[in-house]
Number of protein chains: 2
Amino acid sequence: MAQPHELRERGLRLTPQRELVLAAVRELDHATPEEIAEKVRQTHPGINLSTVYRNLETLENVGLVQHNHLGHGGASYHASEEVAHLHLVCGTCGSVGDAPIEAALNFVNSLSEEYGFRTDVSHFAVYGTCAVCSQAELS
Amino acid sequence: MAQPHELRERGLRLTPQRELVLAAVRELDHATPEEIAEKVRQTHPGINLSTVYRNLETLENVGLVQHNHLGHGGASYHASEEVAHLHLVCGTCGSVGDAPIEAALNFVNSLSEEYGFRTDVSHFAVYGTCAVCSQAELS
DNA sequence: AGACCACTTGCAAATGATTCGCAGATCTAC
DNA sequence: GTAGATCTGCGAATCATTTGCAAGTGGTCT
Ligand SMILES: [Mn+2]
Ligand SMILES: [Mn+2]
Ligand SMILES: [Zn+2]
Ligand SMILES: [Zn+2]
């Protein structure tokens, strides 16, 4: 009768913490575990950071969220339903620009054809130097 | 008169530790700081891990070595003179395959043209699923 | 060769991020 | 409602990397 909750129908228990973490990931867009915890605590101060970590892992296991790497370490999380896009990270100024995944389509296809490798282009950022910093380099 | 040592000519002091770290990076090919320390200690047991970290940073600052990211965290180091290549990391089995940077040439060029972004394709690994694991998925 | 001093090193402690152990709380299925 | 599996908070552990500091060393200038 009752429509199954999206967490329950994936075999997960429905706890307030879990729902809050998922909601925070959806609102924030590629946020770190720390940022997600902070967001959740704005309305529910008691939630422990390790609970956030554990739930991120759980949610990732059932495919509701995914992580990627935008900087030199750590991971950021985003909702799976979010439209995938490339992250252009500038090693000089640290800016993070977006680009459509289509920009990598040929690249992905050629890796697939030549190596049988199925690429997830948005798991790691695309690293380099942004237009602004490239300009500035011509000092 | 004396031919300047490669470290000295970059304004660095020539210490045994520094030379050893550089030599280890050259021999190992994308190794972690820990692996580099281990290598160095095979012949010089006294060398401290923090000395390795500090020298890797120093060597990177003068352009003799570079780091990249092959896994979900941490960094690996390689010598700058090494031929750049792509790393195809499989998220399923963890294998790391190589591919020539040329495979990314069109991709890099299009990011340059459309966004003015100069891409360093080998800083982050290319993440995805290798041919073997892709096969296996058709269970 | 000797002296000076800035740069390096080893060591121990600090840090920051993530994980773990466990006892008590809470979900769900019955 | 009860029972058992799962989850949470909390503190401690772990792991990677960084830092402070006192002692050691390399390069330069007599
Ligand atoms: Mn990096
Ligand atoms: Mn990852
Ligand atoms: Zn920039
Ligand atoms: Zn694989």
Side-chain angles (χ1 to χ4, degrees), chain A residues 1-25 30-41 43-62 64-65 67-77, chain B residues 1-25 30-41 43-62 64-65 67-77:
Chain A
M1 285 295 100
Q3 69 293 65
H5 186 283
E6 64 179 330
L7 290 174
R8 305 237 50 246
E9 70 189 4
R10 310 226 177 197
L12 298 182
R13 280 200 184 170
L14 184 71
T15 70
Q17 291 88 337
R18 194 160 279 167
E19 283 191 287
L20 288 163
V21 167
L22 179 54
V25 170
H30 46 71
T32 63
E34 191 72 53
E35 291 165 341
I36 292 164
E38 206 174 315
K39 174 80 181 176
V40 169
R41 286 177 183 145
T43 56
H44 297 73
I47 293 183
N48 196 276
L49 184 54
S50 59
T51 298
V52 172
Y53 274 100
R54 284 187 283 227
N55 277 322
L56 286 172
E57 187 182 350
T58 301
L59 293 170
E60 184 159 36
N61 285 338
V62 299
L64 284 170
V65 310
H67 79 266
N68 59 26
H69 303 273
L70 303 184
H72 293 203
S76 301
Y77 287 81
Chain B
M1 285 294 97
Q3 69 293 62
H5 185 283
E6 63 179 331
L7 291 175
R8 303 237 54 246
E9 70 189 5
R10 310 227 177 196
L12 297 182
R13 282 199 185 173
L14 194 135
T15 70
Q17 291 88 336
R18 195 160 281 166
E19 283 190 289
L20 288 163
V21 168
L22 179 55
V25 170
H30 46 70
T32 63
E34 192 73 50
E35 290 165 341
I36 292 163
E38 205 174 317
K39 176 81 180 172
V40 169
R41 285 177 183 146
T43 56
H44 297 73
I47 293 183
N48 196 275
L49 184 54
S50 60
T51 298
V52 172
Y53 273 101
R54 285 188 281 228
N55 277 322
L56 286 172
E57 187 182 350
T58 302
L59 293 170
E60 184 159 36
N61 285 338
V62 299
L64 285 170
V65 310
H67 80 266
N68 58 26
H69 303 273
L70 303 185
H72 293 203
S76 301
Y77 288 81

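Chain identifiers are assigned alphabetically (A, B, ...) following the order of the sequence lines, protein sequences preceding nucleic acid strands; residue numbering begins at 1 within each chain.
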Ignoring the backbone of B:Y53, work out which of D:dG9, C:dC27, D:dT17 is nearest its side chain. D:dT17
Tabulated below should be each protein N or O lying under 3.5 Å from an N or O of nucleotides 1-6 of chain C; please produce it.
unit_1 : atom_1 : unit_2 : atom_2 : d
C:dA6  : N3     : B:R13  : NH2    : 2.6

Rounded interatomic separation in angstrom, taking CG from A:L12 and C1' from C:dT26: 15 Å
Whole-Å distance between C:dT9 P and B:L56 CG? 11 Å
What pairs with A:R18 under side-chain contact (heavy atoms from CB on, under 4.5 Å), at least two apart in sequence or on another chain? A:L7, A:L12, A:R13, A:T15, A:N55, A:T58, A:L59
To check you understand the geometry: which heavy-atom pair defines the closest contact between A:L49 and A:P33, and what is its length? CD1-O, 4.1 Å
Heavy atoms, side chains only, cut-off 4.5 Å: are B:N68 and A:H72 in contact? no
Strictly below 4.0 Å: does B:T15 bring a side-chain N or O up to OP1 or OP2 of C:dC7? no
Using every non-hydrogen atom in the two residues, find where A:V65 and A:L56 come nearest and quote the distance to one decimal. CG2-O, 3.9 Å
Taking only residues two or more places apart in sequence or in another chain, which ones pass side-chain contact (heavy atoms from CB on, under 4.5 Å) with A:N61? A:E57
Rounded off to whole Å, could you give me the CG-to-P distance for the A:L14 and D:dT8 pair? 11 Å
Would you please indicate if the ring centroids of A:H67 and A:H30 are separated by under 6.0 Å? no
D:dG9 phosphate, OP1 or OP2, under 4.0 Å from A:T51 side-chain N/O: yes
B:E19: side chain to side chain donor-acceptor pair (under 3.5 Å) partners, not counting sequence neighbours: B:H5
State, to 0.1 Å, how close B:E6 and B:L22 come at their nearest heavy-atom pair, and which atoms those are. OE2-CD2, 3.7 Å
Nearest whole angstrom, please: distance from the P of C:dT8 to the CG of B:N61. 11 Å
Going by the rule side-chain contact (heavy atoms from CB on, under 4.5 Å), which residues pair with A:E35 if we only count those two or more places apart in sequence or in a different chain? A:A31, A:T32
Is the phosphate of C:dT26, meaning OP1 or OP2, less than 4.0 Å from a side-chain N or O of A:Q17? no
Can you check nucleotides 10-13 of chain D for protein contacts, nitrogen or oxygen pairs under 3.5 Å, and list what you find?
unit_1 : atom_1 : unit_2 : atom_2 : d
D:dC10 : N4     : A:S50  : OG     : 3.4

Taking CZ from A:R10 and P from D:dC7, how many angstroms apart are they, rounded to a whole number? 16 Å
Does the side chain of A:R8 get closer than 4.0 angstrom to OP1 or OP2 of C:dA29 through an N or O atom? yes
Whole angstrom is fine here: how far is it from CG in A:L49 over to P in C:dC20? 14 Å
What is the separation between atom CG on A:L20 and atom P on D:dG9, rounded to the nearest whole Å? 10 Å
Send over the distance from B:E57 CD to C:dT8 P, rounded to a whole Å. 11 Å
